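Predicted, not measured: the structure shown is a model, and the values here were computed from it. A note on names: the letters A, B, ... follow the listed sequences, proteins ahead of strands, and every chain is numbered from 1.
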Amino acid sequence: MSSVGEIALRYQLQRGDFSLQVALQLPLSGITGIFGASGAGKTTLLRCIAGLEEAPGSELLVAGERWQDAISSRPAHAREIGYVFQEPRLFSHLDVRANIEYGMRRSPRREAAEFAAVIALLGIDKLLDRKPAELSGGEAQRVAIARALMRAPRFVLMDEPLASLDAARKSEILPYLERLHAESSIPIFYVSHNIDEICCLCDHLVVLDNGHVAASGELQSVLVRMDLPQVMGDAAGSILDGRIANFDANYSLSLLTFAGGELWLPGQLGNIGDRYRLRIRANDVSLSRKRPRDTTVLNLLDVVIEAVQDAPPATQLVRLLAGQQRLVARITRRSREELNLQPGDRVVAQVKAVAVRRPELGE
Amino acid sequence: MSSVGEIALRYQLQRGDFSLQVALQLPLSGITGIFGASGAGKTTLLRCIAGLEEAPGSELLVAGERWQDAISSRPAHAREIGYVFQEPRLFSHLDVRANIEYGMRRSPRREAAEFAAVIALLGIDKLLDRKPAELSGGEAQRVAIARALMRAPRFVLMDEPLASLDAARKSEILPYLERLHAESSIPIFYVSHNIDEICCLCDHLVVLDNGHVAASGELQSVLVRMDLPQVMGDAAGSILDGRIANFDANYSLSLLTFAGGELWLPGQLGNIGDRYRLRIRANDVSLSRKRPRDTTVLNLLDVVIEAVQDAPPATQLVRLLAGQQRLVARITRRSREELNLQPGDRVVAQVKAVAVRRPELGE
Amino acid sequence: ASNFRSTAELIAAEFTTQTGHAVRLSTASTGKLHAQILHGAPFDVLLAADADSPRLLDESGAGVAGTRFTYAIGILVLWSAAADAANCRSDLDKSGQFRVAIANPLTAPYGRAAETFLRSAGLWESLTPQLVYGENVAQALHFAVSGNARYALVAKSQTLDATLPSATCAWQVPADAHAPLLQQAILLQHAAGNTAAKDFLSFLQGEIARDTIRRSGYGVP
Amino acid sequence: MDLGPLWLSVQLASITMLLLLLIGTPLGWWLARTRSRLRPVLQAIVALPIVLPPTVLGFYLLILLGPAGSLGEWWFRLSGESLTFSFAGLVIASCIYSLPFAVQPIMSAFEAVRQSDLEAAWTLGADRRDAFFSIALPQSLRGYLNAAILSFAHTLGEFGVVLMVGGNIPGETRVISIAIYDQVESLQYAAAHQLSAILLVFAFAVLLAMFALNRQWRQQ
Amino acid sequence: MDLGPLWLSVQLASITMLLLLLIGTPLGWWLARTRSRLRPVLQAIVALPIVLPPTVLGFYLLILLGPAGSLGEWWFRLSGESLTFSFAGLVIASCIYSLPFAVQPIMSAFEAVRQSDLEAAWTLGADRRDAFFSIALPQSLRGYLNAAILSFAHTLGEFGVVLMVGGNIPGETRVISIAIYDQVESLQYAAAHQLSAILLVFAFAVLLAMFALNRQWRQQ
Ligand SMILES: Nc1ncnc2c1ncn2[C@@H]1O[C@H](COP(=O)(O)OP(=O)(O)OP(=O)(O)O)[C@@H](O)[C@H]1O
Ligand SMILES: Nc1ncnc2c1ncn2[C@@H]1O[C@H](COP(=O)(O)OP(=O)(O)OP(=O)(O)O)[C@@H](O)[C@H]1O
Ligand SMILES: [Mg+2]
Ligand SMILES: [Mg+2]
């Protein structure tokens, strides 16, 4: 059922009225987002994978190893996962340091330097001697993240780990998670109801709806699916893969080229030649028939309209092809009719450079 | 110190290394956002107002009533507030219904119809007979919100109430909070690290930084302050106040007019003549010298550049005057130099209609 | 038995000075000691507060046949720290609502004796509502000493203790008003071959011990 | 077979249990919540009665409750009756003797009540008293159950104190523990076995019912 | 003043306490965590010893532990010594008699350990045993303290069982509670007062120390 480097699972369980019925095959690499409304079953799915739910008759194969089948189930402690719970769950009788060391002690692979790096990154160096009761909500969650990471897991399950963090802290931790994943290639399963976070982080996306899998697949392909407006809400968008081609030190702008065009992005995003990936929200793309002039919109792409889909009541989603790259634009129905946009038309897409999302680092 | 309709407070307390030192005068009306990084002291401030922290030598005046001074402190239960804590804090021995009724029983003013309305809005009608342990994270938080609201408070303290909710649920609850506030004019103090939420909801904004007040005032005036880029991050933006002048049923677009121009917004936003307020993120505004043509950007405003402020490394914030309304645009430094934008220049601001924020209802 | 404890200590001390044999005393109520002996207690000699227990041990073989003898005869007294000294006995007739403490007739020989005496005096019926029962004579005396009962029918040996509050009344009940309070001793199977234990029993029957016993408020056979 | 002593014991144990739950409530709450430095001292004092052998404790209670004792004298002047050798006296003595077995579980349960729940109750308009009855108490039901079981069972089995203070008066203070004791002492082993068996079966039934109740609460 | 009995009592109470904490740990854990239907039954059985009057319980233990009893016979064949009238027998009897006072607080403490904490420990690589020792046990220290205090004090004060099973043998089974009892019985009130006072002061000191420790844990 599952090949090496994959995780294959089939779970069915009932909790009151709610029933989880999922069968998934996910790559054991990269970051897999799990997205869905409150009560969709995201937490339950993670708990199943961690071995915390009894679900007889279910199956879980991880990289060819049978973790659960009809007969037996590997106990939670032997699954070598890191789990960041939805609430911090710090051990109240231990201070912050002992909490973090709890997992380290039980898995011999972590080094002191790594400890220092994680602590510093999460901004909890000054909290090490505190008891959990003396932490703010966000601080406790950061400690919980450090604790799970320092346990040297084979993969990490994260249940809305950043929900209680402010934007600044989030934008510090997100790239760390990316780097962690890039450097150690630890796969991460990342539950979030925040599509920005997911798009920023994930390679794969699973969309859960009321205990069922509404969509699952490579991030880009799920994102540009336009049949999920209810589930996806404002989240529609697309991913561009390119390379950093230039850096304008004067204005601090990086030039990203990809098969189909180029974009100027603020800031120094990497070295020239680095691969780079970015998300463009459908909301941040507008279309014109002609190239506008004298505008602060830096980035204009020549695109072909591939498809148009209604997103009631007032807007429509337009799928665009820029070279081999797909883009999605959200425009009002009126604009579309005024410009009489049709599949096959060549138009100019304006992408607000400052609106692009944080990219994924590394190869 | 405080007039009727105001809340005046002066708190100083020490918890370990952290010290809270705030003196604030806030209107006892509308929604006041409290914004700040993790560990800035947001929760501590709410706890002080609720009477849950011992802070001798502090003062709190609410609408002329002395709730706390050097000598005495009104106990928490007598303060008639609703408090939504950062974690749900449901009573584990009571089911959902009894949890919600707990506050109702102790304050005689709530009606059954209201109960049904709140329950339906928060989507917890099916959960009423469950125990808290059988709820998902988001469900528990919604029950906690219902519980605080049904207690018929004089004002409500909310500590990141929506952090654990998905976007769809959020965008359902936010307008309800607005409506609640509009209809019952219950003042709300709303802690969040999500500036979108705050801008969407609040009239007033307090920015906390490491236990101190970094800024406090009317939302618009704090938002257009350009000296807080570190604290505000991506949050810069502005507020427009206008009236709904027209509704295009065909395209489902509403026309908003305000002193300085007009904007088309998707959806039916209210009745013609209604007042309407919306937030425009600096990131969603671009500038051109001439009116662009054949573009899907619906909304073009004639504006005058008032001031320009560097937002390192690559962008700049531009404050604009559209009639009497202020707008902020974030543009790249390069664009600004290419277009040679200077204070006093007349330019055209393009506002992506789909990017506007949910408005506040009512007068 | 526990009521004989202090007397036994005196005798044991005398025995030790004479023979050099150390004596270890284990005190408990006769009922407890009886149960313990039946279940393997490492006791050599039983000094019971009654004659029943040694007889039963004798018959069951737990005691060494032929070693049973009466070492002391208890004397019942009416004791009070509050009653009129002159009319001690007759006061009891009109004791009214005052409590009268006796040892439990079920478990204690002195209790049985007290009951017989009260019956023979025709007081039993009228006094029944006033009676309180001690686990043994010691407890009956506690009731009176602490002022909770006006009278106690107890062993004379107890009332001689110098530390007691002085009695206003200590009337010796005539010996013929109840069955004799025979306290018997017996050599136990555990010590069947123990000469020191046999010596102790002989010593107990000797004049020195008898003298001590008499001075402690008992009769001797 | 005279079951009067069993009935008396059940009355005594039930009343003692109820009184101890009442007394244990404010005491346990205070002990669980106070930050006073006196806390360990008071806790030690509460635990002290069980350190003395029951008969000896009974002896001191006899003096305290007797007509010459301060408490006994006061009671006598109030009610015209003696505390010793009466059922009321037994209740007082049993309460003192079993106090720690009621207070400890209640205190532990109260300690487990989360401050955050109380805070939530306050902000919902419950004053301290109200929050105690609506939050702390229902969340501590199992502590109360443990307290009830321990104090009930302990009083049922107690006899040293009861014998001393009560005077073994049939129908008034001769409880079942004393009755069995008397039979063992008077070598009536068969009767003792029988009465013990009855007591054990009865106690087992009561305890089982209570623990089953506990199980139900737990499953809720 | 002969303090030998006090010393013996302290030994007995300490050993009993330690043994009971050891026994109470698996038993309390099982009772706290199991979903078995047998749970209430086992709980009732554990609580049953205290229902019998101590002397009567002692009487049955005497039969059980005596050379004719099953346990006593087995022990005798094993060690060549008798269980009754020996210190070892006292320890066994005290353990049985004080068992519920140790098991209840430990069980309550274990019940308060949050499942969510255990789950977190498992996902951090701790197996059930490890999670028990690193999470459940340290979070239940105060339950252990209560168990220790109750079982220690209860054993210190016990004398009915001890007198019956031990036989009041000086230096071996005459513990302080029996010594005081003897003095009260033989009307040596002054000596009894003195010995009681010593016992109380000693017990108070021990209890105070333990509760103060408890306070420290709490403040951490
Ligand atoms: N008992 C304590 N001892 C030491 N420091 C404390 C204690 N309680 C709170 N603090 C510190 O006080 C600061 C403010 O806490 P507070 O909970 O108010 O933060 P917050 O703004 O709500 O943060 P968050 O967004 O993470 O919830 C934090 O840095 C926290 O570590
Ligand atoms: N013991 C239970 N009895 C009944 N229903 C339950 C029980 N446990 C969970 N559920 C239901 O299962 C559903 C899935 O819960 P889950 O915690 O997986 O949701 P979630 O996707 O993580 O939601 P959230 O984003 O709010 O955390 C919820 O609707 C919840 O009410
Ligand atoms: Mg969840
Ligand atoms: Mg907080």
Side-chain angles (χ1 to χ4, degrees), chain A residues 15-17 36-39 43 86-87 126 130 134 136-139 142 160 163-169 193-195 233-235 248 251-253 264 266-267 283-284 286-290 292-298 313-315 330-337 339 350 352-355, chain B residues 15-17 36-39 43 86-87 126 130 134 136-139 142 160 163-169 193-195 233-235 248 251-253 264 266-267 283 286-290 292-298 313-315 329-337 339 350 352-355:
Chain A
R15 294 284 177 274
D17 296 340
S38 173
T43 300
Q86 199 163 359
E87 67 290 350
K126 285 188 189 135
R130 295 237 195 114
E134 300 167 357
S136 81
E139 287 164 350
R142 281 181 271 156
E160 312 200 13
S164 57
L165 297 185
D166 54 289
R169 189 58 75 182
H193 52 248
N194 184 335
I195 195 71
D234 262 3
D248 179 338
Y251 292 114
S252 186
L253 291 174
W264 282 103
N283 287 354
D284 286 330
S286 53
L287 303 175
S288 19
R289 285 273 173 201
K290 297 185 198 142
R293 290 174 181 279
D294 288 344
T295 167
T296 55
V297 178
L298 266 186
T315 64
R330 186 193 294 273
I331 62 177
T332 61
R333 206 141 49 82
R334 172 154 133 186
S335 297
R336 189 204 155 199
E337 294 197 7
L339 297 185
Q350 306 182 18
K352 271 220 64 166
V354 287
Chain B
R15 292 285 177 274
D17 294 341
S38 172
T43 300
Q86 199 163 0
E87 66 290 349
K126 285 189 190 134
R130 295 240 195 110
E134 301 167 357
S136 81
E139 287 164 350
R142 281 180 271 156
E160 311 199 14
S164 57
L165 297 184
D166 54 289
R169 189 58 73 182
H193 52 247
N194 183 333
I195 195 72
D234 262 3
D248 179 339
Y251 293 112
S252 186
L253 291 174
W264 283 101
N283 288 355
S286 52
L287 303 176
S288 19
R289 286 271 174 202
K290 296 184 200 144
R293 289 173 183 281
D294 288 344
T295 169
T296 57
V297 177
L298 267 185
T315 64
R330 187 193 294 270
I331 61 177
T332 60
R333 206 143 46 83
R334 173 155 132 185
S335 298
R336 190 206 155 197
E337 293 197 6
L339 298 184
Q350 306 183 19
K352 271 218 63 164
V354 287

Output all residues satisfying side-chain hydrogen bond (donor to acceptor under 3.5 Å, both in side chains) with A/R130, sequence neighbours left out; order by chain, then residue number. none
Tell me, side chain or backbone of B/R15 under 4.5 Å from chain A's heavy atoms, or both, or neither? neither
Between A/E337, A/E139, A/R334, which shows the greatest number of heavy-atom pairs under 4.5 Å with chain B? A/R334
Quick check on the interface: out of B/G137, B/G39, B/S38, who has the most heavy-atom pairs with chain A under 4.5 Å? B/S38
Taking all atoms of both residues into account, what is the closest heavy-atom pair of A/L339 and A/L287, and its distance? CD1-O, 3.9 Å
So how far is it from B/E160 CD to B/E87 CD, rounded to the nearest 0.5 Å? 10.5 Å
Examine whether an atom of B/E134 lies under 4.5 Å from a heavy atom of chain A, and if so say whether it belongs to the side chain, the backbone or both; otherwise answer neither. neither
Any residue meeting side-chain hydrogen bond (donor to acceptor under 3.5 Å, both in side chains) with A/T43, in chain and number order, not counting sequence neighbours: A/Q86, A/D159
